[in-house]
Amino acid sequence: MLGPVDEVARSLLGCWVVTDRPDGRVALRLTEVEAYSGQGEDPASHAHRGPTPRAEIMFGPPGRLYVYFSYGVHWCANVVVGPAGRGSAVLMRAGEVVLGESLAHSRRPAARVARDLARGPARLTHALAIGPDDRGTDLLDPTSPVRLHAGRAPSGVSTGPRVGISVATELPWRFWETDAPSVSVFRAGGKPRRRVARQDGRS
DNA sequence: TATACGATTGGCT
DNA sequence: GCCAATCGTATAT
C-alpha cells in the first residue's frame, strides 16, 4: 500500500474486497479503480485542500477505508494509500461479485444482471453494504468486517481519464481490467471550465 | 448563517 | 440523451 498512488491503484486490480455483515458475506474482485493523489498535487482529490474533517482519514495510515457521501445520495469507498500524511487514496469504482451473489442482488434490486451488481462506485458500496459506519476500517486486518486481499491478477490493464471530474482531466489515472464486463461507462465530469459562446445567446 | 456544488445513479424521453 | 434526487462539505458573507 506504498509507492506512487497510480502504481498502487493498478496493483489493486484483481484484489478481493470482502464484507461480513449480519445478513451474510459478499466478496468481489476489483475490475476498475481510480487514483487520487494528495494535498496540493491533485485538484480533483478530496485531499487537495488538506486534512479537512471529511478528508482527514486520507491523511492517516495506509490500508484504511475512506468513505464519502456523494451527491446527497450515495456512499463511495477508497483505499487510503501511504505514506501517512500525504493524503493519497484509490477509489474503488467497480468489481465482479465472486461470493454472495444472491445477497448482493437482494441489496441491489435495480441490477437486472450480475454484471451490474457492482458496476460503479456507489453500486459497489451498495452491493458490499459499505456505509459511513465503515469509515477508518483497517482493510488489511483479517478480523475486520471489511477486508482486502490478493486475488487473480487482471488479464490486461487499460488506462484513461478519471470519471465525473471537471479538473485534472488530463491525468490517465483510471485503471480497469481490459474487457471486463463490470467496468463502468465513462461519463465526463460536471461543469466544463470553458464554454463556447452560442450565437443565440442561450447558455 | 447562507449558498453552491458534487469522485452518482436510475428512470424517463 | 436528459434530469431529479438529496444533503454533507467547503466557502463566502
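Here is the naming used below: chain letters follow the sequence lines, and residue numbers restart at 1 for every chain.
Across all strands shown, A/Arg187 has heavy atoms under 4.0 Å from base atoms, whether or not it also approaches the sugar-phosphate. A/Arg54 comes within 4.0 angstrom of sugar-phosphate atoms only, judged by non-hydrogen atoms across all strands, and of no base. Among the heavy atoms of the strands lying under 4.0 Å from A/Phe69 are primed sugar atoms or P, OP1, OP2 only; no base atom is included. Across all strands shown, A/Ile165 has heavy atoms under 4.0 Å from sugar-phosphate atoms exclusively, and none from any base. Here A/Ala44 lies in heavy-atom contact (under 4.0 Å) with a base.
Under the stacking criterion of a centre-to-centre distance below 5.5 angstrom and an interplanar angle below 30°, A/Tyr36 sits stacked against the six-membered ring of B/dA7.
The separation between A/His126 atom NE2 and C/dA5 atom P is 18 Å, rounded to whole Å. If you take CG of A/Asp116 and P of B/dT9, they are 11 Å apart, rounded to a whole angstrom. Look at CG on A/Leu65: it is 17 Å from P on B/dA7, rounded to the nearest Å. With rounding to whole Å, A/Tyr66 atom OH is found 14 Å from C/dG8 atom P. Rounded to a whole Å, the CH2 atom of A/Trp75 is 15 Å from the P atom of B/dT8. Atom CH2 of A/Trp173 and atom C1' of B/dA7 are 14 Å apart (whole Å). For the pair A/Glu32 CD and B/dA7 C1', the interatomic distance rounds to 11 Å; values are reported in whole Å. To the nearest angstrom, P of B/dT9 lies 13 Å from CG of A/Leu117.
Straight-line distance between the C1' atoms of C/dG1 and B/dA7: roughly 22 Å, to the nearest whole Å.
Nearest to the side chain of A/His74, among B/dT9, B/dA7, C/dG8, sits B/dT9. If you check B/dG10, B/dA7, C/dA5 against the side chain of A/Asn78, the one that comes closest is B/dA7. Taking every side-chain heavy atom of A/Thr52 into account, C/dA10 is the closest of B/dT8, B/dA7, C/dA10. Listed nucleotides: B/dA7, B/dG10, C/dA10. Nearest to the side chain of A/Arg123: B/dG10.
Within the 4.0 Å cut-off from OP1 or OP2 of B/dT9, not a single side-chain nitrogen or oxygen of A/Arg108 is found. Regarding contacts with the backbone of C/dT11, a side-chain N or O of A/Arg49 is found under 4.0 angstrom from either OP1 or OP2. Between A/Ser70 and B/dG6, a side-chain N or O to OP1/OP2 separation shorter than 4.0 Å is absent.
With a 4.5 Å cut-off on side-chain heavy atoms, A/Ser88 and A/Ser37 count as touching.
When atom types are taken as modelled, the side chain of A/Arg174 and the backbone of A/Gly160 share no donor-acceptor pair closer than 3.5 angstrom. The main-chain N or O of A/Ala129 is found under 3.5 Å from a side-chain atom of A/Arg21 such that the two form a donor-acceptor pair.
A/Trp75 and A/Phe69 have tilted rings, their planes meeting at an angle from 30° to 60° on a 0 to 90° scale.
The hydrophobic cluster containing A/Trp176 does not contain A/Val97, counting ILVMFWY residues as joined when their side-chain heavy atoms lie under 4.5 angstrom apart, directly or transitively.
Taking for each of A/Ser45 and A/Ala110 the nucleotide of DNA chain B with the nearest heavy atom, the 5'-most of the two is the partner of A/Ser45.
With a cut-off of 3.5 Å on both pairing distances, the Watson-Crick or G-U wobble partner of B/dG6 is C/dC7.
Across A/Arg123, A/Arg162, A/Arg93, a single residue satisfies salt bridge (Lys or Arg N to Asp or Glu O under 4.0 Å) together with A/Glu32, and that is A/Arg93.
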